[in-house]
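All chains are named by letter (A, B, ...) in the order of the sequence lines, taking the proteins before the strands, and each is independently numbered beginning at 1. All values below were derived from every heavy atom in this structure, side-chain atoms included, with hydrogens, water molecules and symmetry-related copies excluded. Keep in mind that what you see is a predicted model, and the values were worked out from it rather than measured.
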2 protein chains.
Amino acid sequence: MSKGSVSKRPTIVDVAAHAGVSTAAASKVLRNAYGVSPEMKAKVQASMKALGYRPLASARGMRGRTHTVAVVVADLHNEFSSLLVEGIRRECERQRYRLLVAPAGSGKAAQDRMVEDLIDRGMDGIVLISPLGTDAELETMATNTPIVVLGRHGASQEFDSVAADDFAGANLVVDHLVSLGHRRITYINHTTEGTNDARLPEEVRVRGYVDAMIRHGLGDAIDILQSQWSQEGGEQSGKTILSRPQRPTAVFAGCDVAAFGVLTALWEAGIRIPDEISVAGFDNIFTTSLAPISITTVDQSGLDMGGTAGRLLLERIGGRTEAVNTVVQPGLVTRKTTAAHNHLTIDAASGPAPNVSAKV
Amino acid sequence: MSKGSVSKRPTIVDVAAHAGVSTAAASKVLRNAYGVSPEMKAKVQASMKALGYRPLASARGMRGRTHTVAVVVADLHNEFSSLLVEGIRRECERQRYRLLVAPAGSGKAAQDRMVEDLIDRGMDGIVLISPLGTDAELETMATNTPIVVLGRHGASQEFDSVAADDFAGANLVVDHLVSLGHRRITYINHTTEGTNDARLPEEVRVRGYVDAMIRHGLGDAIDILQSQWSQEGGEQSGKTILSRPQRPTAVFAGCDVAAFGVLTALWEAGIRIPDEISVAGFDNIFTTSLAPISITTVDQSGLDMGGTAGRLLLERIGGRTEAVNTVVQPGLVTRKTTAAHNHLTIDAASGPAPNVSAKV
DNA sequence: TAGATCGTGTAGTACGTTATACACTTTCTA
DNA sequence: TAGAAAGTGTATAACGTACTACACGATCTA
């Protein structure tokens, strides 16, 4: 591809000279701007090809667009984030834009610094995955650069957003568990110090759980464990549940990774799943589908959400000014960690062993 | 942070004016170059702070450095890649460099295009994870931009490299299985159309398997299944194994994800693991550690490898010219999918049931 | 004390691209 | 057919930073 270190990289001036036109004309062809004849276009494009010309994004960034967008993500280890990113990437590729992934680390300060750095680096637009900070702060960002917020609730007039209906998702799980006869359903919540943002997915999910419990007349049975959505947090929650005199018959973890943790603790204690306790998660990450795990969970279709976010961002860059706020509907994926609860068996301790085998 | 869309972003000219010095002086302070007095430095830094000045990477990119590096990765879904990236990121953060992740998709053409795009975007250096292409091609790239190759074997005088000793890793697994009494050990290989690069990890691993088998006098038992290192590839391989008249007593998948696939097929068929068949993987991704899976595998310490790669890249950017090629030693992680093989039980079909429970 | 060296600051240009403003044809309108 | 409009191409001024030269005074050498 490259001629090595000796020959200089060709510039648009070289292209123009090779084609025998002005650099302005060459630039027009490059941007396919108004005011070029078909012959001129062909001539210039031939020269670009002949010289192996590639526009330098750094230089373009000083006046125009860099044709690059970024997605800010706290952590690459989250399988669901990867799906979102892949969705964005595909949409960008379709429109000949480059997507770069910016791992910011956790915490609002780190995230803010990353966004500034991305603007400094000339990104034409930015997707933020579940960002921290107030609407006002996000709107300030949006005045400088097109922004799409992914995985955070609440409509804004200043920026576009894409979110799954986490409230409905949580409802689906509770409805499912109640229909199986469960009443004592414990919810594993995610709490972050400091931030208490009603628009974060975790806040919406817990409200969905509470609402569904009340709707089923189970307000008294509401049981929320404050924890972290991580393997460790889930494991700790599982142990807490086991230490109680009266255990729940079902556990609803607000995130699959936390569900893994809960299951780890339960497996360790020899609890049969789902015979003794049903467990459900949220996100439908790949690992939940593996046969010996097979967790009932909520699917959000991350690829579609990412694709939508990418499309909205590129539309914004293209000039749209009115905000678009999208909500997608999640679906329940029923697997082997949830099953009918036999009240007689457990509550009265009088029946025989459950009928479903725990391990497959 | 930002003053909104009305006030222009401050430039180095504004800073210089505010401090009452030349732009050259302000630039010197910014780069902490030679030739500034302590008073001048303090004065300029105060002005930068007062104005909220941030250097524009696009503009810097035209003459100097952007203080940005990128890592090219085929696919973000691979948990091991995430670990490598995190290692690089931490090292960059230590040295106040920004790391951006570039998801290239699979295939050599896509990867090459991505590298060119990154150079166009002024990256100061690039880490390539298991890149395709010949040494010559990589060396050509390296003449234009500092490059570190991660997860690909073979030393080069032109670029730095960091690789795990995949040969030794494969040896560890075979040694382990043989010490447990296994002889019929099938290996699941990864084959890519077209490319047949002896320096790719997959090629080194399969050589390690072959070598160890011969070393143990099991040359006749060598059995390599050509497949893909994916859930589907592994599942297909598992089915193939099951369809054979004489099954292996152990399966060594060259990659954890493929091991999942193999296990999925075996579980489905009701095969007891590890009683009837032992299974081992490679990479030690998080999911292998989950209790009901608990796969014996090879740990490569991705964080360290990534950190080393990051350090080498920044050293190169800093001016080092001699190449450094690093190899790290992997370790075996023994878990529950491998166990002693009772030759009498299986081979002669005469013994009682194995002693270890398959499901925990 | 003349000359060299060092320390500190500045002027000015280059980097590659975009885009505004304008000039020159050609074609349309009334 | 005059004037307007449309079509096509060019000259050139930014954009924000880096850095080479150079200037000037102070300090060091011999």
Please enumerate all protein N or O atoms sitting under 3.5 Å from an N or O of nucleotides 7-10 of chain D, with distances to 0.1 Å.
residue	atom	partner	partner atom	Å
D:dG7	OP2	A:Y34	OH	3.1
D:dG9	OP1	A:S37	OG	3.1
D:dG9	OP2	A:S37	N	2.9
D:dG9	OP2	A:S37	OG	2.8
D:dG9	N7	A:K28	NZ	3.1
D:dT10	OP2	A:S22	N	3.1
D:dT10	OP2	A:S22	OG	2.9

- Message: Under 4.0 Å from OP1 or OP2 of D:dG16: is there any side-chain N or O of B:R60 that close?
- Response: no
- Hey, is B:E91 close enough to B:R94 for a salt bridge, meaning N to O under 4.0 Å? yes
- On DNA chain C, which is the earliest and which the latest nucleotide, 5' to 3', with an atom closer than 4.0 Å to a heavy atom of chain B? C:dG7 to C:dG16
- Pair A:R89 + B:D75: basic N to acidic O under 4.0 Å: no
- Task: Specify the separation, in whole Å, of atom CZ of B:R31 and atom C1' of D:dC19.
- Result: 6 Å
- Query: Between D:dG16 atom C1' and B:R65 atom CZ, what is the distance in whole Å?
  - Reply: 17 Å
- What's the verdict on salt bridge (charged side-chain N to carboxylate O under 4.0 Å, His left out) for B:D120 and A:R9, showing C-alpha distance, side-chain angles and the deciding distance? CA-CA 10 Å; B:D120 297 345; A:R9 177 190 180 110; 2.5 Å; yes
- Item | Nearest-angstrom distance from the residue atom CG of A:D120 to C1' of D:dT17 | 13 Å
- Query: Listed by chain and number, what are the side chain to side chain donor-acceptor pair (under 3.5 Å) partners of B:Y97, not counting sequence neighbours?
  - Reply: B:D124
- If you measure from CG on B:L30 to OG1 on B:T23, what distance do you get to the nearest 0.5 Å? 11.5 Å
- Note on the structure: A:T145 meets the side chain to side chain contact (heavy atoms under 4.5 Å, CB included) criterion, sequence neighbours left out, with A:I119, A:I126
- Message: Taking the axis from the first five pairs and the axis from the last five, what angle separates them in the helix from C:dT1-D:dA30 to C:dA30-D:dT1, rounded to 10 degrees?
- Response: 30°
- Task: Taking the side chain as every heavy atom from C-beta outward, state whether B:L84 and B:L150 have any pair of such atoms under 4.5 Å apart.
- Result: yes
- Query: Looking at side-chain heavy atoms only, is the closest gap between B:M62 and A:M62 below 4.5 Å?
  - Reply: yes
- Does the salt bridge (charged side-chain N to carboxylate O under 4.0 Å, His left out) test come out yes or no for A:K108 and A:E137, once each step is laid out? CA-CA 11 Å; A:K108 180 159 152 35; A:E137 288 174 307; 3.1 Å; yes
- Item | Side-chain H-bond candidate by donor/acceptor type, B:S156 with B:E139, under 3.5 Å | yes
- Item | Nucleotide D:dC15, atom P - distance to CZ of A:R121 in whole Å | 22 Å
Less than 3.5 Å apart, which donor and acceptor atoms pair up between the side chains of residues 35-53 of chain B and the rest of the protein, not counting sequence neighbours?
residue	atom	partner	partner atom	Å
B:S37	OG	B:M40	N	3.3
B:S47	OG	B:H18	ND1	2.8
B:S47	OG	B:K43	O	3.3

